[in-house]
Amino acid sequence: MKAALLTGVREMKTVDLPTPVVKADTDVLIRMESTGICGSDMHYYQEVNIGNAVVEYPFVIGHEGAGTVESVGPGVAGVRPGDRIALEPAVSCFACDQCRSGRPHTCRDMKFLGCPGQMGGCLAEYLVMPERCCYPIPVTMSFDQAVLAEPLAIGLYGVKLSGLKPGDTIGVLGAGPIGLSTILCARNYGAGRIYSVESVGYRARAAIASGADWAGNPFDEELVKTVLSREPGGLDIVFECCGKQEAVDQAVEMLKPGGALVIIGIPEFEEYIFPAHTMRRKELRIQNVRRQNGCAREAIDLIAAGTVAVDFMITHTFRLDEIQKAFHLVSRYEDQVIKGMIHYERI
Ligand SMILES: [Zn+2]
Ligand SMILES: [Zn+2]
């Protein structure tokens, strides 16, 4: 099969690899149809690592995927060959204390698709995953939509963890696919006014199209002042979706006493700095978000039902042999890209 290999910093190429085979009784062999290029893939592409997850080259990345079931192990009952599925990229052990207490997303023995040191990714024509990572999708749903259920589930989980109540005013800092997914889900959960902050103009416009009421630029020195002139009491919740210190600083200023800072973005640095006295006086709550937990099916259903419209995020599609071009373009935000998709054309 053909697969895309990360071979160095900013280096990808398409190669032939052995097609994986079903080994465990509960394994499913999937013929990939679409793989999304995620911001975390971009970290591995540009920086070798995310925290202590360091790439050893060559490595197959990619964790946002959808495909068709090719064959199944003898113990698989939930999906059959020919079924169209969305992938849940987290393979949890379901035996550790975290898994047993309903937190499989922080499993002690996590194998996450396309995560260095854990398991190879889905930028490949075929993939083997356990049955419980395969979510059937309706025929009316496109494979690209199924791919977008993965980032949407993260936005959905962030909104649920935040404790958002109908009418709450919120900020969403960063309008990449995760920020946009957060806006879509917050809107669907009945958020009041939504303030988006994004430096890239076309993404700020996408934030408005996703349901934000206002969009500002993080480099505008008057940003916090402007938001607070509109919301004198401050915001109820701010979602940090870009991994920037400046965003955390702005969030702390924008939040009302008792507000919540929800951190979803992945920073390129090791430590955040928080203003101790402002945090303390305002009694701010900080909620970190680790991917998602239990939101995959709901995210798929929201898209399938048309409740949440995600198609506007699919801005670019590439063939697998265009992988270098695809990653180059996405890494530079060229051509107004939001989400790049890899499609698998077979001869
Ligand atoms: Zn992702
Ligand atoms: Zn576990």
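Read the numbers this way: they start at 1 and go in the same order the structure lists the ligands and their atoms. Just so it is clear, the model here is predicted, and its values are computed rather than measured.
Counted within 6.0 Å of CD on Glu334, heavy atoms from surrounding residues, nucleotides or ligands total more than 12; the atom is thus considered enclosed.
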What verdict does the side chain to side chain contact (heavy atoms under 4.5 Å, CB included) test give for Ile266 and Ser40, after you've listed the backbone C-alpha separation in whole Å, the side-chain angles of each residue and the deciding distance to 0.1 Å? CA-CA 8 Å; Ile266 301 175; Ser40 59; 4.1 Å; yes
Does Tyr272 form a side chain to side chain contact (heavy atoms under 4.5 Å, CB included) with Ile286? I'd like the steps, not just the answer. CA-CA 12 Å; Tyr272 276 121; Ile286 299 180; over 6 Å; no
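At the Zn ion (ligand 1), the angle from NE2 in His63 to SG in Cys38 is 100° when rounded to 10°. The Zn ion (ligand 2) forms the vertex of an angle spanning SG of Cys107 and SG of Cys99; to the nearest 10 degrees it equals 100°. With the Zn ion (ligand 2) as the vertex, atom SG of Cys96 and atom SG of Cys93 span an angle of 110° (nearest 10 degrees).
Residue Glu64 counts as close to the Zn ion (ligand 1), with an N, O or S atom under 2.8 Å.
When each of Lys160, Glu298, Glu88 is paired with Gln292, the side chain to side chain donor-acceptor pair (under 3.5 Å) condition holds for Glu88 and for no other.
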